[in-house]
Each structure stands twice: as structure tokens, then as C-alpha cells.
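Keep in mind that the numbers below use all heavy atoms, side chains included, and drop hydrogens, waters and symmetry copies. Every chain is numbered from 1, with letters handed out A, B, ... down the list of sequences.
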Number of protein chains: 2
Amino acid sequence: MSPRPISQGLAATLGLRQMIIDGELVAGDRLSELALVQRLGVSRTPLRLSLAQLEHEGLLESLPAGGFAVRAFSIQQVADAIDLRGVLEGSAARLAALRHGGLPDLAELVGLAAQIDRLLLPDRAGVDDFGLYVELNERFHNELFRLACSDPLSDAYQRALALPFAAPSAFIAVQTDLSGSWYETVALAQQQHRELLEAIELRDGARAELVAREHASLARSNLDDALRAEHALDKLPGGTLIRLGGDAAEAAGVG
Amino acid sequence: MSPRPISQGLAATLGLRQMIIDGELVAGDRLSELALVQRLGVSRTPLRLSLAQLEHEGLLESLPAGGFAVRAFSIQQVADAIDLRGVLEGSAARLAALRHGGLPDLAELVGLAAQIDRLLLPDRAGVDDFGLYVELNERFHNELFRLACSDPLSDAYQRALALPFAAPSAFIAVQTDLSGSWYETVALAQQQHRELLEAIELRDGARAELVAREHASLARSNLDDALRAEHALDKLPGGTLIRLGGDAAEAAGVG
DNA sequence: TCAGCTTAGGTTGCATGCAACCTCCGGTCA
DNA sequence: TGACCGGAGGTTGCATGCAACCTAAGCTGA
């Protein structure tokens with residue numbers, strides 16, 4: 001998917017984003033450009049461009065004195081980010097119901113739902129399908145926005161997904177770790193997918209919006225489950241960005 | 001507004017954004033860094049940072065061959081951007097209804113509505129209050145998001161407002177030009193403000209959301225009015241970014 | 001006349017040097 | 001003992017030079 005050779009700036013952005021998501025960079029820490037230059041093997045000019053981009057994505061925050069720090073998120077912000085995704089997906093579902101071009105236009109969405117169904121057949125329940133489900137699920141959600149035909153809405157969605165814990169499949173790994181199996185969580189989510197599909201087919205925009213919001217609220221309850229367990233957030237993408245409790249200085253890595 | 005001395009990068013961003021909104025740069029035109037360097041009086045390094053920022057804001061698009069061009073928007077995209085604002089404001093209204101901390105917390109919102117009311121008294125109807133209304137209206141809308149207490153939602157709203165024609169007061173100037181007076185448009189909008197306020201006071205989140213969406217749809221109908229008139233879009237902030245007519249391929253360039 | 005090649009010009013992306021700034025530590029004085 | 005001050009080190013923000021790239025014009029040949 002990269003027609004051009006990977007530029008230095010793109011390499012810096014990808015590497016930096018991965019370092020943040022993987023927790024290599026601790027939330028609250030100030031970033032040193034020179035250290036990152038050595039770590040990423042790029043010059044300061046493209047690196048600074050990448051830093052600015054990640055600030056726009058919301059993963060970094062610029063400091064008043066200059067430079068950047070890894071952003072820390074409160075539980076409330078994580079929950080609100082998931083809610084925002086639900087609002088955007090709800091709006092996409094409503095528009096998809098109103099704007100889709102008939103059954104042929106829905107073929108891709110139907111096909112994705114069918115593929116997920118097959119993953120959930122009893123004889124196919126294996127951990128090998130984990131990554132496949134994540135991919136199919138994200139493609140399902142993206143297809144929703146393609147059907148909505150609203151570029152501003154799609155842009156807002158992409159920006160909301162820049163926070164890794166707000167992604168549609170962010171909590172699958174957590175739930176798998178908590179309950180030992182991802183079947184129950186996914187089965188419920190898939191049932192909502194089917195309801196969503198039905199509402200869109202029937203051009204019932206209001207119901208499609210409601211179902212999509214309910215679908216996202218499933219992630220919120222998964223978040224609550226994870227908070228009741230110890231260290232469950234470690235399995236969450238970008239979980240190290242979440243600052244538990246009140247003390248911000250603690251999360252800033254004083255020790 | 002600027003506690004620190006204006007940095008070169010900030011000066012470039014502000015100047016560039018103004019040039020785009022004022023129509024000095026025509027939609028679709030490729031930008032020459034060297035020409036902008038001379039025009040803005042900054043070096044290429046901060047200028048390139050500003051170009052990247054305006055791309056993130058959605059005013060520019062990066063070209064496959066390198067460099068940037070002023071983005072062109074179709075009517076559909078403008079309408080969808082307004083719809084998106086309605087969705088975000090609706091969500092803010094719903095959250096504000098659920099989360100506000102009682103009447104003292106609503107004092108600012110109530111006060112702004114009262115100030116707008118005074119602007120609409122018969123003896124005060126003068127063109128001098130035009131700019132004041134725009135300011136009060138934007139503060140009213142911003143206050144909605146403060147009451148919602150959702151940082152991700154506020155971020156999404158700010159990003160949506162980066163498109164100048166999506167701003168809450170974008171069409172006031174257009175309506176004034178079309179009907180000769182801004183009283184009718186503003187009076188209807190203010191009535192919706194009052195309904196919104198009432199729903200929030202009563203913690204009726206669902207109604208608050210509906211009213212807020214209806215409020216934004218007023219801007220959409222204003223857009224329709226403007227499209228029926230000739231050159232009415234010239235009065236719209238960033239109106240030169242809108243590509244009228246058939247040429248959809250030009251405006252379709254969206255990442 | 002038109003397609004294809006060549007070359008010159010201009011542009012972007014990147015690397016690096018420099019000056020101003022902030023931070024932090026040690027010393028000094030009340 | 002505690003607060004204030006000064007300097008050294010490190011960092012950021014900015015300016016500019018260089019090489020690769022894209023674009024476009026002009027020439028050649030069929």
C-alpha cells in the first residue's frame with residue numbers, strides 16, 4: 001500500500017507511533033529529539049515533522065517550554081473516546097441506511113459479516129483466527145463509512161481511531177485474557193453487526209444509529225471489566241498511555 | 001491570546017490560513033514553497049511545518065508528486081461538514097444535559113443566551129452588533145462543549161471547525177446579504193438556543209441532542225438558500241474553496 | 001504532424017550548523 | 001537552613017546548502 005519508497009518522514013512517523021503504542025515511551029515523558037534521531041535513524045528535520053503529526057493525532061502534547069511529551073489519558077478520556085467513536089459510527093450507520101445504493105452496494109458489508117460468522121462456527125473456534133477477526137471487524141467498520149459517503153465524517157473517524165484504545169477491536173485481546181475465550185464477546189458483537197446490517201438494508205436510519213451506538217457501548221463495558229481486573233490494561237493497545245488513579249506525577253515516571 | 005512571542009511557525013500558520021480563507025490562494029492550486037517564503041517572510045523549515053499542519057486541518061492536500069495544493073470542496077462535502085458539526089454538537093448537548101453541575105454551572109450559558117437576547121431587542125437592531133453576535137454565538141457553542149466535559153469530543157469539534165464554512169456563524173453574513181437583515185435568521189437560531197438550554201437544564205439528553213441537530217440543520221438550509229442565489233457563496237468564509245458545478249473529479253481528492 | 005527522447009530548470013525532501021532558550025546544579029548570602 | 005543567583009550544559013527552533021526528483025520545453029526522427 002506504499003506506492004512510493006518509504007520516505008524518511010514516514011519511517012519516523014511509523015517508528016515513533018509504534019514506540020508509543022508498544023509502551024517504549026512512557027506517558028508523560030518528555031521526548032529528546034537527539035535521542036530519537038539515534039533510535040530511529042533519521043535526521044532531525046523529518047523527525048520534527050513526525051512529532052508534529054503525532055501531536056495532531058493526539059498521541060503527543062507540545063510543552064509550553066518547547067518540545068513534546070507522550071500524552072497521558074485518564075480513564076474518563078478513554079471512555080469518552082470510545083463514546084465518540086460510537087457517535088461517529090452511529091452517524092455513519094444512519095447515513096449508510098439513507099444513502100446506500102441498494103443490495104449490490106451492500107455486498108461487501110454482507111460478505112464481511114458472513115466471513116465473521118464463519119469464524120464463529122463451533123468447529124472453527126481457534127486462536128489462529130484472532131488476527132483475522134480483528135482485520136475483518138475493522139474492515140466491517142470502515143465499510144460502514146464508505147457507504148455513508150461523507151468525507152468529513154470519515155476524516156473525523158480516522159482521527160478518532162488515532163487513539164489506539166478507541167479502535168473497534170481494541171478490547172478483544174483484553175476480553176480474551178479475562179475470560180479465556182473471545183467467543184462470547186465476539187458473538188455478541190456479531191449479533192449487533194447483523195442487527196445493524198438489517199437496519200441499513202431496510203433504510204431505517206434511526207435504528208441503525210441506535211444499534212451502532214449500542215455496539216460501541218459494548219467496548220465501554222469491556223473497559224469497565226478490564227478496570228476491575230489487575231493489569232488487564234496491559235493487554236490493551238496503547239494501555240501504557242492510560243494513567244490510573246489520580247496522580248499524574250506517578251505516571252510521568254519519577255522513579 | 002499569545003503569552004509567548006509569536007514564533008515563526010505560528011506566524012506562517014496564521015498567515016497561510018488567512019491567505020486560504022481570504023481566497024488569495026485558489027482551490028486546486030499547487031503551492032510553491034519559495035513563493036510563500038517570500039510572501040510570508042519566514043524560512044522554509046517553519047513554513048513546511050505549517051503546510052503539514054494545514055493539511056491535517058483539511059485546508060490543504062498533499063500531492064502524490066510532493067508538495068501541497070489548496071483543497072477544493074464539493075457542495076456535498078460542505079453539507080456533510082455541517083452535518084458533522086450538528087452530530088458533534090448534538091452529542092455535546094446530550095452530555096452537557098447529563099453532566100452539568102447544576103444551575104451555577106450553567107450560568108455562563110444562560111448569560112450568553114441573555115446577551116444574545118438583548119442584541120435582538122427591536123431598539124438594538126443595528127449592523128454594529130453583527131460581529132458581537134458572531135462572537136457570542138461561538139462562545140455559546142463552545143460553552144456547550146465545556147459543559148460536556150469530553151476532551152475527545154471537544155477535539156473533534158475543534159477539528160471540524162477548521163473548515164471555515166462549517167463554523168456556527170458561517171452563514172450569518174450570507175443570510176444578511178440575501179435577505180437584507182440578519183434578524184430573522186438569528187431570531188430562529190436564538191429560539192433554538194433557548195430550547196436547547198431548557199432541555200439541558202431539565203437533563204433531557206435526548207431532546208437536547210435533537211434540538212442541537214436541528215440547530216445545525218438550519219445552517220444546511222441556509223446553504224441551500226445561498227446556492228439558489230448567484231455569488232452568495234462569496235460572502236461565506238472560505239467560500240472560494242467550494243467547487244461548484246460538475247467537475248467532481250477535482251473535488252473528490254480526499255484521503 | 002506527431003510520438004518519443006533529451007536536457008535544462010525549478011521544486012521538494014533532507015541534513016546540518018548556529019543562536020537563543022530552558023533546565024539544572026552549585027555557590028553565596030540573609 | 002533556606003532562598004536566591006549565576007553559569008554551564010543540553011535542547012529546541014530556525015536558516016540554509018545539497019542532492020534527487022518531477023516537470024516541461026525543445027529537438028529528433030519517422
Side-chain angles (χ1 to χ4, degrees), chain A residues 1-17 19-20 24-57 59-71 248-249 252-255, chain B residues 1-17 19-20 24-26 28-56 59-71 249-250 253 255:
Chain A
M1 286 312 199
S2 57
R4 286 181 291 168
I6 294 183
S7 68
Q8 299 287 75
L10 186 56
T13 302
L14 294 177
L16 203 49
R17 191 186 289 137
M19 288 174 73
I20 295 173
E24 255 180 273
L25 300 171
V26 182
D29 263 1
R30 182 176 185 179
L31 299 181
S32 163
E33 291 183 4
L34 271 63
L36 291 174
V37 158
Q38 284 197 331
R39 174 74 174 75
L40 294 169
V42 302
S43 180
R44 281 184 60 215
T45 302
L47 175 69
R48 299 188 87 248
L49 233 68
S50 296
L51 289 170
Q53 164 147 4
L54 290 188
E55 184 202 2
H56 298 143
E57 291 183 5
L59 295 177
L60 300 180
E61 59 186 351
S62 72
L63 301 175
F68 297 88
V70 180
R71 194 165 157 195
V254 178
Chain B
M1 298 289 277
S2 59
R4 287 181 291 167
I6 293 182
S7 67
Q8 298 287 73
L10 186 56
T13 302
L14 295 177
L16 204 47
R17 191 186 290 136
M19 287 173 72
I20 294 172
E24 253 179 275
L25 300 172
V26 181
D29 265 0
R30 183 176 184 178
L31 299 181
S32 163
E33 292 183 3
L34 269 62
L36 290 174
V37 158
Q38 283 198 334
R39 174 74 174 75
L40 294 168
V42 301
S43 181
R44 281 185 58 214
T45 302
L47 174 69
R48 298 188 87 246
L49 233 68
S50 296
L51 289 171
Q53 165 146 4
L54 290 188
E55 183 201 3
H56 299 321
L59 295 177
L60 300 180
E61 59 186 351
S62 72
L63 301 176
F68 298 88
V70 180
R71 194 164 156 193
E250 195 101 26

- Roughly how many Å is it from CD in Gln53(B) to P in dG13(D), rounded to a whole number? 13 Å

- So how far is it from Thr13(B) OG1 to Leu40(B) CG, rounded to the nearest 0.5 Å? 9.5 Å

- Query: When rounded to the nearest 0.5 angstrom, what is the spacing between CG in Leu54(A) and CE in Met19(A)?
  - Reply: 11.0 Å

- Distance in angstrom units between Glu33(B) CD and dT16(D) P, rounded: 15 Å

- Query: CG of Leu63(A) versus P of dT12(D): gap in Å, rounded?
  - Reply: 10 Å

- Task: Nearest whole angstrom, please: distance from the P of dG13(D) to the CZ of Arg48(B).
- Result: 17 Å

- Query: Rounded to the nearest 0.5 Å, how far does CG of Leu25(A) lie from CG of Leu36(A)?
  - Reply: 6.5 Å

- Item | Interatomic spacing from CZ in Arg71(A) to CD in Glu57(A) - rounded to 0.5 Å | 12.0 Å

- Taken to the nearest whole Å, CD/Gln38(B) to P/dT11(C) is 11 Å

- Considering just the side-chain nitrogens and oxygens of Ser43(B), establish if one lies under 4.0 Å of OP1 or OP2 belonging to dA15(D). yes

- Item | Length of the CG-P vector between Leu31(A) and dT23(C), whole Å | 16 Å

- Message: Can you identify which nucleotide, out of dA15(D), dG13(C), dC14(C), has its nearest atom closest to the Gln8(A) side chain?
- Response: dC14(C)

- Among the nucleotides dG13(D), dC14(D), dT16(C), which one has an atom lying closest to any side-chain atom of Thr45(B)? dC14(D)

- Note on the structure: Side-chain contact check for Ala65(B): nearest option of dT12(D), dA15(D), dC22(D) is dC22(D)

- Hey, which sits more toward the 5' end of DNA chain C by its nearest nucleotide, Leu34(B) or Arg30(A)? Leu34(B)

- Has the side chain of Ser50(B) got a donor or acceptor atom that lies under 3.5 Å from a matching backbone atom of Gly9(B)? yes

- Could you give the CG-to-P distance, from Leu51(B) to dT12(C), as a whole number of Å? 9 Å

- Query: Between Arg44(A) and dA15(C), does any side-chain N or O lie under 4.0 Å from OP1 or OP2?
  - Reply: no

- Hey, does Leu49(A) reach any base, or is it just sugar-phosphate, or nothing, if we go heavy atoms under 4.0 Å? nothing

